[in-house]
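Here is the naming used below: chain letters follow the sequence lines, and residue numbers restart at 1 for every chain.
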Protein chains: 2
Amino acid sequence: MSKPTLTLEDIAQLTGVSAMTVSRVLSGKSGVSEATRRKVLETVQNVGYVPNLNARALAGSRTRVLGMLVPDFSTQYISELARGAGEAAIQAGYELVCYTNSHHPQANFTHVTLITRGLVDGLIVVLPDLSDQQLDALSRINLKLVIVDHRHEVPDVPSIDADNYRGARLMMDHLLSLGHTRIGFISGRPDTRASLERLRGYRESLQLHGLPIDETLIRPGNFLQPEGFTQTQHLLSLLQPPTAIFAANDLMAFGAMDAIRGRGLRIPEDLSVAGFDDIPMSAHLHPGLTTVHQPLSEMGSAATRMLVNLLSGTDIPGPRLELRTELRVRQSTGKAPRGQQTTP
Amino acid sequence: MSKPTLTLEDIAQLTGVSAMTVSRVLSGKSGVSEATRRKVLETVQNVGYVPNLNARALAGSRTRVLGMLVPDFSTQYISELARGAGEAAIQAGYELVCYTNSHHPQANFTHVTLITRGLVDGLIVVLPDLSDQQLDALSRINLKLVIVDHRHEVPDVPSIDADNYRGARLMMDHLLSLGHTRIGFISGRPDTRASLERLRGYRESLQLHGLPIDETLIRPGNFLQPEGFTQTQHLLSLLQPPTAIFAANDLMAFGAMDAIRGRGLRIPEDLSVAGFDDIPMSAHLHPGLTTVHQPLSEMGSAATRMLVNLLSGTDIPGPRLELRTELRVRQSTGKAPRGQQTTP
DNA sequence: CTGAAAGCGCTTACAG
DNA sequence: CTGAAAGCGCTTACAG
C-alpha cells in the first residue's frame, strides 16, 4: 500500500533526461522534441507517476482547481449549478471541488479563507444568505471570486443571476391567460433578491393587467416545502380562496400540491399550481409542475467561465450577467374554474 | 485586491521571533512560552495572516483535508451523508471537500488520482456503481480509503453500510401486521448490494410468514422517481393488484404515490406505500411516507471517524461497520382494505 | 531543444 | 523554551 512515492526526479532518471524536461512535458509546454516527449510520457505511464499538486501549486502559484462554496447539498437547485460549473471546469482544464459551510457552527468563515488559501485559484460563491460581513471577509482575501444568485450586487465582484423578474412576469401572463384573477403568491426568504424580484413580477403583472392586489393572497414563505404546505392551507381557508397558487420556488409548490390534495381538491381542475426553478423533480411529478425554468446548469457553467477568464486576465462580459428564464408549462396549471373568475 | 502575500517569515519579523516559533504556535505545538504565543497570535490577528496550505502540505506531508467522492449532489441521500461526514471532520480538526465525477465523460478516474494526489489525506468513497476496475485503481493509489454503501466488500478496505436486510424485514413486519398479504415490491438498481439485500428481506419475510411469493408483484426499478411511477402503474394493472407497495427507496415511493393518486385511489385507505432511506423530504410529504430510516448522517460521520483513525494509526472498529436501520411509521401505510386480504 | 540553479512557504529533525 | 539548516516536489526565469 505504501510504496515509495515517485517524484519528477525519478521519472527524469528513468527516462534519462532532466527533471526540467519532464516538467515541461507534463505541463504541456512547447519546446520539447517529439521523441523525448514520447519517451517521458511512456515512463510516466509505465510507473504510474502522478505529480504532487501541492508542490506544483507552491512553485507555480496556481493549482488549476476551482472551488465552489455552497450552503449545503440538499437541494437539486445546488446540484444543478454544481453540475454545470463542474462540466465547464473540466472543459477549461480545471477541476472543481465543493465546500460547504453548513457543518460549521455559527457560519464561521475562517475555514474558508483557510482552506482556500493556496488550494484553489478562484471561488464560486453560491450563498444566498451570506451576510455583508462575510462577503466582506471573502472579498478581502486574495482570491478571485464570482458570485451566483446573491442578495445584492457587490462592487467589483462579478455575479451571475437569472432574470427572476421576467420569469415571474411570464408565469403571471400564463396564469392570467388561463382566466385566473385571484392568484395566491407564496414568497421565498425575504432577505433574498430572488424572492423580492419574483414578488415584484407578481405585483406588477397584476397592476399592468388592471387587477387589484389583494394582500391577503400574498403569503410569507421561506423556500422550503413544509412552508409551502402551511401557507397553502392558509390560502385555502380564505373566504374567497385563490384559483391558482404561484409559489416562489418549486419546493414550496410541492408542499402546495400536497395541501391542495389533502383538501380533496384536484390539480389543475379545481386549483392550479405553479413554481419557480424547474428542478429535475418538477418534471417527474404527476401532474408535472408548471414552473419557470432557471438555466441552473448554464448559470453554473457561466460562473466557471467568468472565473476562468478572470484568472487568465481575459475580459469578462461584464460585472453582472443575467440569464434568461423560460416558462415551462406542464399539467399543474389549467383554466380557472367557472363561476370563480368573476371579481368580487 | 492583490496586496503582497504574507508569509511565516513576515510574521516572525513583525513579532521579533523566528519563523520556527511562529510555525510552532500556529500548529498548536507545545514548547512555546505563553508570552510569545500571545504575541505571535496577536500579530497574526492584526495583519490577517493565513498560512499557505500547499506549503504546509508539502513540508508536513499531510493536509488535514479529507475528500469525499460522490456520484453527484442530486439526492438528499448524498447530502445527508456529506453533512454527517463534514461535521465529524470539523470535530476531528479536518476539513471536508467533495469531489464528484459526474461531470467527467466516460467515468474517467484519472482526475481523481490527480486531484487527490497530495491534496487530501484520505478519501471517503460513495459510489454505489463503482466498477471493480475503478475500485482497483483507487486502492492502488497511495491514499487511505473508506468505502460507503458499495456493491460488495473490498479486501483490506474498511467500509460502512446500513443494515438493509434487517430494515426490509422491519418494514415487511409492519405491512404484514396491517393485514397486507399482497405486497408489491419495486427493486433498486440490480447491481447494488443495497437493492439485493432489501429484496432478500422482502422475500424472506414472506417465506417466514408462510406466504407465497408472487413474482408478478416484484418489479424491476432503478432507484429513480419516474421508474417508481411506471412500475406502480404496472402493479395497479394486474388482475389482482397489491394492497401495499414497498419501494426499495423513497424516491421511487414518491413516484408510486403519484401513480396511485393518478388512478383516483387514496393513500393509505385504498393502498399503502412504503419506502426506504428516510430522506428529509419523506417527512415533508402529506401523507408522510412510512419508510425505513437509514442513519445517513451517522454513516457519514462514522466514515469520517474511521478514516481519521486510519490516518492516525489508531485501531479501527473493524473492516466493516453496519449501522442499524429503523422503522419510521408515518401516514402512507394503513390497514389492508377489507375483502382483499384473503388469499386467492 | 535541453539543463543547473534558485526558490515557492512551510515543517521536521537537530541543536542549544 | 527558542533558532539555523535542510528539504518537501515542483516551476520559473536564466543560460546554452
Side-chain angles (χ1 to χ4, degrees), chain A residues 2-41 44 47-65 113-119 121 141-142, chain B residues 2-41 44 47-65 93 113-119 121 142:
Chain A
S2 207
K3 45 188 174 188
T5 307
L6 289 165
T7 71
L8 250 200
E9 195 60 45
D10 296 328
I11 305 302
Q13 289 189 5
L14 286 170
T15 322
V17 296
S18 73
M20 231 334 339
T21 302
V22 178
S23 170
R24 265 196 276 260
V25 170
L26 291 181
S27 44
K29 294 256 167 63
S30 62
V32 187
S33 77
E34 197 45 41
T36 29
R37 176 184 301 280
R38 212 185 310 253
K39 270 200 299 181
V40 169
L41 288 176
V44 164
V47 300
Y49 166 74
V50 192
N52 180 313
L53 260 42
N54 288 121
R56 190 176 258 187
L58 186 57
S61 63
R62 66 202 188 103
T63 61
R64 293 248 137 202
V65 177
T113 73
L114 251 170
I115 207 168
T116 54
R117 184 64 145 77
L119 295 189
D121 293 344
I141 58 179
N142 264 341
Chain B
S2 207
K3 46 187 173 188
T5 308
L6 290 166
T7 70
L8 248 200
E9 195 59 44
D10 296 327
I11 305 302
Q13 291 188 5
L14 286 170
T15 322
V17 296
S18 73
M20 229 336 338
T21 302
V22 178
S23 169
R24 265 195 277 258
V25 170
L26 290 181
S27 44
K29 293 256 168 64
S30 62
V32 187
S33 78
E34 196 45 40
T36 31
R37 176 184 301 280
R38 212 184 311 250
K39 271 200 298 180
V40 168
L41 288 177
V44 164
V47 299
Y49 165 75
V50 191
N52 180 312
L53 261 41
N54 288 122
R56 192 175 256 187
L58 187 56
S61 62
R62 65 202 188 105
T63 60
R64 292 248 136 203
V65 176
T113 72
L114 251 171
I115 206 169
T116 54
R117 184 63 145 80
L119 295 188
D121 292 344
N142 264 340

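To the nearest 0.5 Å, atom CD of residue A/Glu9 and atom OG of residue A/Ser18 are 8.5 Å apart.
Note: CD (B/Glu34) to C1' (D/dT2) measures 16 Å, nearest angstrom.
Where pairing requires Watson-Crick or G-U contacts shorter than 3.5 Å, the helical stems of DNA chain D with at least three consecutive pairs are C:1-3 with D:14-16, C:5-12 with D:5-12, C:14-16 with D:1-3.
Between the side chain of A/Thr15 and the backbone N or O of A/Ile11, at least one donor-acceptor pair lies under 3.5 Å. The backbone N or O of B/Ser23 sits less than 3.5 Å from a side-chain atom of B/Ser27, completing a donor-acceptor pair.
Annotation: salt bridge (charged side-chain N to carboxylate O under 4.0 Å, His left out) contacts involving residues 29-39 of chain A, sequence neighbours excluded, comprise A/Glu34-A/Arg37.
B/Leu14 meets the side chain to side chain contact (heavy atoms under 4.5 Å, CB included) test with B/Val47; sequence neighbours excluded. Contacts of A/Thr63 classified as side chain to side chain contact (heavy atoms under 4.5 Å, CB included), with partners at least two apart in sequence or in another chain: A/Ala57, A/Val65, A/Asp121, B/Asn54. Applying the side chain to side chain contact (heavy atoms under 4.5 Å, CB included) criterion to B/Ala55, with sequence neighbours excluded, gives A/Leu58, B/Asn52.
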inquiry  = With side-chain contact (heavy atoms from CB on, under 4.5 Å) as the criterion, how do B/Leu26 and B/Leu8 come out once you've worked through the C-alpha distance, each side chain's angles and the decisive distance to 0.1 Å?
reply    = CA-CA 10 Å; B/Leu26 290 181; B/Leu8 248 200; 4.2 Å; yes
remark   = In 5'-to-3' order, the base (B), backbone-only (S) or no-contact (-) status of each nucleotide in nucleotides 8-16 of chain D, using a 4.0 angstrom heavy-atom cut-off, is BBBBBB---
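Between A/Thr21 and C/dC1 there is no side-chain N or O to OP1 or OP2 distance below 4.0 Å. For the OP1/OP2 pair of C/dC1 and a distance below 4.0 Å, the side-chain nitrogens and oxygens of A/Thr36 include no atom meeting the criterion.
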